[in-house]
Structures are given as structure tokens and as C-alpha cells.
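Structure first, commentary second.
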Amino acid sequence: QVQLVESGGGLVQAGGSLRLSCAASGRTFSSYGMGWFRQAPGKERDFVAAFSRSGSFTYYADSVKGRFTISRDNAKNTVYLQMNSLKPEDTAIYYCAAREYETNKYSPAAYGYWGQGTQVTVSS
């Protein structure tokens, strides 16, 4: 198993930046495909970004392409989400997640492990 802890959320003005971190512990970090999701009040949990299980490829939701970047530091067992040019519609709780298989990386159902989430609020 793997345990995930997010950090780095906060309040930022539109156009600003934040970097989220997800620290993993437990089973070898590199055994999992890592992803970020977000959930706004009253809405479903949506895919934001993910690595392939090998870590060689990255995937992004259309709404964040060109603004968000997912990265990882295997030595620190940490995944990051750099968020630039933030918009009010990016406001949500952001979750880090880990999946054991490569299929359906865009669906929350593919991820068996989740962090507690970190709030990101973007003011207009």
C-alpha cells in the first residue's frame, strides 16, 4: 500500500501560481501511476493530470493544458502539480491519487489510493 499527503494549497488571485506537492510513503513510489484530480463544491471529481505508470508520459485535462505541469522526484517520493495562470474556475479541492494499473487513467475509479486533499481557491 501507499499513503499520500498533499500540501501547497491556498488562496491566490487570478493569474497567480501555486505548486502542490504529494508526498508518498509505504510501497515503492515508482510502482504506481500517479495522478491529480479536483473536485469543486457540488460537482464530480475530475481528472487534472497524470503520469503513465512508467513515469515516461504525462496526460492533462484540456482545461489545464498549457497552464499546469505535473512532475515527480522519485528520490523524494513526491509528485508535484505546478499551476500557473490560475482562474477562478480552478477553485476546488485537489487530490493526489495512485493507481496500480495503466488502464483508464482519466477515471477516479482506476485509482485505489487517495490523499486527503488540499484546498485551492482562486479569487477574481
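Fair warning: this is a prediction, and the values are worked out from it, not measured in the lab.
For the atom pair CD (E6) and CD (Q119), the distance works out to 12.0 Å, reported to the nearest 0.5 Å. Note that the OG atom of S25 and the CD atom of Q1 stand 10.5 Å from one another [nearest 0.5 Å]. The line from CZ of R38 to CG of L81 is 9.5 Å long, rounded to the nearest 0.5 Å. Distance OG/S54 to CD/E102: 7.0 Å, rounded to 0.5 Å. For the atom pair OG (S124) and NZ (K87), the distance works out to 14.0 Å, reported to the nearest 0.5 Å.
The nearest pair of heavy atoms linking S17 to Q82 is CB-NE2, 4.0 Å. V5 and Q116 make their closest contact through CA-OE1, 3.7 Å (heavy atoms, listed as atom of the first residue, atom of the second, distance). Between A40 and A92, the closest heavy-atom pair is N-CB, 3.8 Å. Nearest heavy-atom pair, W114 versus P108, reported as atom, atom and distance to 0.1 Å: CZ2-O, 3.5 Å. Between W36 and V79, the shortest heavy-atom contact is NE1-CG1, 3.5 Å. When every heavy atom of Y111 is checked against every heavy atom of A97, the shortest pair comes out as CD2-CB, 3.4 Å.
L18 and Y60 fall within the same hydrophobic cluster, defined by Ile, Leu, Val, Met, Phe, Trp and Tyr side-chain heavy atoms under 4.5 Å apart, directly or through other members. Note on Y32: it does not cluster hydrophobically with F37, by side-chain heavy-atom contacts below 4.5 Å among ILVMFWY residues. One hydrophobic cluster, built from ILVMFWY side chains closer than 4.5 Å, cannot hold both V120 and Y95; they sit in different ones. The hydrophobic clustering, which links ILVMFWY residues whose side-chain heavy atoms are closer than 4.5 Å, places I93 and I70 apart.
A donor-acceptor pair under 3.5 Å is formed between the side chain of R53 and the backbone N or O of S31. A donor-acceptor pair is defined here as one N or O able to donate and one able to accept, closer than 3.5 Å; such a pair exists between the side chain of T118 and the backbone of G9. Judged by distance alone, with hydrogens and angles left aside, the side-chain atoms of T78 form a donor-acceptor pair with the main-chain N or O of K76 at under 3.5 Å. Distance alone, capped at 3.5 Å, is enough to place a donor-acceptor pair between the R67 side chain and the S85 backbone. Not a single donor-acceptor pair under 3.5 Å links the side chain of S107 to the backbone N or O of N104.
Residue pairs satisfying the disulfide (SG to SG under 2.5 Å) criterion with at least one member in residues 53-122, sequence neighbours excluded, are listed as follows: C22-C96.
In this structure, E100 and V2 have side chains that are not in contact, with every pair of non-hydrogen atoms separated by 4.5 Å or more.
Seen from the ring of F47, K105 does not count as a face-on cation partner, given the 6.0 Å and 45° thresholds. Geometrically, R72 engages F51 in a cation-pi contact defined by less than 6.0 Å to the ring centre and at most 45° from the axis. For R19 and Y80, the positive end sits near the middle of the six-membered ring, less than 6.0 Å away and at most 45° from its axis.
Other residues, nucleotides and ligands contribute over 12 non-hydrogen atoms within 6.0 Å of the OH atom of Y106.
Taking the six-membered ring for Trp and thresholds of 30 and 60 degrees, F68 and Y94 have ring planes inclined between 30 and 60 degrees apart.
Here the options are D90, L20, V48, the test is side chain to side chain contact (heavy atoms under 4.5 Å, CB included), and the partner is M83; only L20 passes.
Remark: F57 engages no residue in a ring-ring contact (aromatic ring centres under 6.0 Å, His included) (not counting sequence neighbours).
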